[in-house]
Engineer: 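Pasting a structure below so you can have a look.
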Amino acid sequence: MAISGHWAFAFGVLGNIVSFIVFLSPLPTFYKIYKKKSTEGYQSIPYVIALFSSMLWIYYAFLKTNTTLLITINSFGVFIETIYVGFYLFYAPKKARIQTVKMLFLTVVGGFGAIILIAQFLFKGVARGQVVGWVCLVFSLCVFVAPLCIVRKVIKTKSVEYMPLLLSVFLTLSAVMWFFYGLLLKDINIAAPNILGFIFGILQIVLYVIYNKKEKHILKEQNLPELQNHVIILDDNKKLPELTEEQKIDIMKLSKLVSSLHENASAAAKEENLPKLQSVQA
């Protein structure tokens with residue numbers, strides 16, 4: 001029992017480390033959003049669900065014993081996911097912003113509030129922990145299922161632009177760590193959802209490898225244009241931009257230089273031909 005407890009603590013610590021990296025893995029995505037000043041192509045669903053799930057796990061951990069490691073990592077999860085959602089709302093277009101706010105009220109405010117009220121007033125003791133545990137299990141599955149919308153987009157567009165590889169890799173590692181943590185604690189609510197998390201993580205990695213190769217092949221073909229076959233078509237209806245006085249003077253100087261070079265070349269050619277003509281006449 002003591003040995004399993006030590007192993008559970010070890011996997012819990014590893015789970016905290018990997019989950020910490022998981023929570024930070026979307027940073028490249030939000031850096032792209034910052035550079036583009038737009039969230040176009042990205043969705044807020046995974047971050048809202050992850051925020052809700054972290055809040056639920058904290059509540060569940062307070063109802064159980066020996067779950068300090070759950071409290072530490074999910075407290076950080078609530079903190080970082082709140083920042084992500086706020087960042088998303090700042091750069092999202094109006095329609096996406098409204099949808100995200102609706103989801104926040106539906107899950108974080110309404111859903112979490114309702115779960116606490118029901119658990120506190122309708123259940124007592126061990127039953128309260130079991131009910132909240134099952135709710136956590138369901139929403140943990142939602143966290144792992146949420147990226148499937150991105151998987152669908154990858155298959156449809158045949159592009160991995162909107163599916164971060166780091167997130168998929170660390171979600172898979174996190175699922176492994178927390179599965180063994182829950183297994184050693186004999187807590188099915190922790191162990192069970194991580195089985196599905198491992199499967200979905202592997203699926204995302206495989207899809208990334210497949211479509212990333214195809215995308216590189218397409219880009220390689222696009223970067224080899226046949227310049228000799230290019231034809232430039234000018235639209236007569238479009239007016240060319242007016243030149244400044246300095247640009248006009250530079251063009252005149254350039255034309256005079258080209259003309260003088262042409263005259264010098266013609267004179268040199270004539271001089272080279274004169275000896276040959278004289279020798280023939282002789």
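These figures come from a predicted structure and were not determined experimentally.
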Engineer: For Leu56 and Phe112, work out which heavy atoms get closest and say how close.
Structural biologist: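 In terms of heavy atoms, the two residues are closest at CD2-CD1, 3.8 Å.
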Engineer: Mind listing the closest non-hydrogen atom pair of Leu137 and Ile188 along with its distance?
Structural biologist: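 What the structure gives for the nearest pair is CD1-O, 3.9 Å.
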Engineer: Ring-plane angle category for Phe23 and Phe76, please: parallel below 30°, perpendicular beyond 60°, tilted otherwise.
Structural biologist: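 Correct class here is perpendicular.
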Engineer: Would you say Ile49 ends up clustered with Leu89 if hydrophobic residues are merged whenever their side chains have heavy atoms under 4.5 Å apart, either directly or through other cluster members?
Structural biologist: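 As far as the 4.5 Å side-chain criterion goes, Ile49 and Leu89 are connected within one cluster.
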Engineer: If you compare all heavy atoms of Val132 against all heavy atoms of Ala119, which two are closest, and at what distance to 0.1 Å?
Structural biologist: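 Distance-wise, the nearest heavy atoms are CG2-CB, 3.8 Å.
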Engineer: Within a 6.0 Å radius of atom CZ on Phe198, are there more than 12 heavy atoms belonging to other residues, nucleotides or ligands?
Structural biologist: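 Incorrect, the count does not exceed 12.
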Engineer: Between Asn74 and Tyr59, do the side chains contain a donor N or O and an acceptor N or O under 3.5 Å apart?
Structural biologist: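 Distance-only check fails for Tyr59 and Asn74.
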Engineer: Which residue is it: Leu173, Asn16, Val18, Leu183? I am looking for the one with a side chain to side chain contact (heavy atoms under 4.5 Å, CB included) to Trp178.
Structural biologist: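 Among Leu173, Asn16, Val18, Leu183, the one meeting side chain to side chain contact (heavy atoms under 4.5 Å, CB included) with Trp178 is Asn16.
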Engineer: Could you walk me through whether Leu104 and Val109 pass side chain to side chain contact (heavy atoms under 4.5 Å, CB included), step by step?
Structural biologist: CA-CA 7 Å; Leu104 283 172; Val109 179; 6.0 Å; no
Engineer: Is there a side-chain hydrogen bond (donor to acceptor under 3.5 Å, both in side chains) between Thr67 and Trp57 once you walk through the steps?
Structural biologist: CA-CA 10 Å; Thr67 53; Trp57 279 113; over 6 Å; no
Engineer: Name the orientation class of the two ring planes belonging to Tyr34 and Phe87 (parallel below 30°, tilted from 30 to 60°, perpendicular beyond 60°).
Structural biologist: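 Rings of Tyr34 and Phe87: tilted, as their planes differ by 30° to 60°.
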Engineer: Centroid separation under 6.0 Å, is that true for the rings of Tyr84 and Phe30?
Structural biologist: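 Centroid distance Phe30-Tyr84: below 6.0 Å, so yes.
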Engineer: Do side-chain atoms of Tyr88 reach the backbone of Tyr42 as a donor and acceptor pair under 3.5 angstrom?
Structural biologist: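 Present.
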Engineer: So if you build clusters from Ile, Leu, Val, Met, Phe, Trp, Tyr with side-chain heavy-atom gaps below 4.5 Å, do Val85 and Leu24 land together?
Structural biologist: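 Val85 clusters together with Leu24.
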Engineer: Walk me through it: do Phe90 and Arg97 pass the test side chain to side chain contact (heavy atoms under 4.5 Å, CB included)?
Structural biologist: CA-CA 8 Å; Phe90 184 78; Arg97 189 181 297 121; over 6 Å; no
Engineer: Do you know which two heavy atoms are closest between Tyr181 and Asn66, and how far apart they sit?
Structural biologist: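 For Tyr181 versus Asn66, the nearest heavy atoms are OH-O, 3.5 Å.
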Engineer: Any chance NZ of Lys156 has more than 12 other-residue heavy atoms, nucleotides or ligands included, within less than 6.0 Å?
Structural biologist: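 For Lys156, atom NZ is not crowded (no more than 12 foreign heavy atoms under 6.0 Å).
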Engineer: Would you mind telling me which of Ile45, Ile98, Leu51 makes a side chain to side chain contact (heavy atoms under 4.5 Å, CB included) with Met103?
Structural biologist: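 Of the listed residues Ile45, Ile98, Leu51, the side chain to side chain contact (heavy atoms under 4.5 Å, CB included) partner of Met103 is Ile45.
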Engineer: Do Tyr211 and Val206 belong together in a cluster built from hydrophobic side chains that touch within less than 4.5 Å?
Structural biologist: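 Same hydrophobic cluster.
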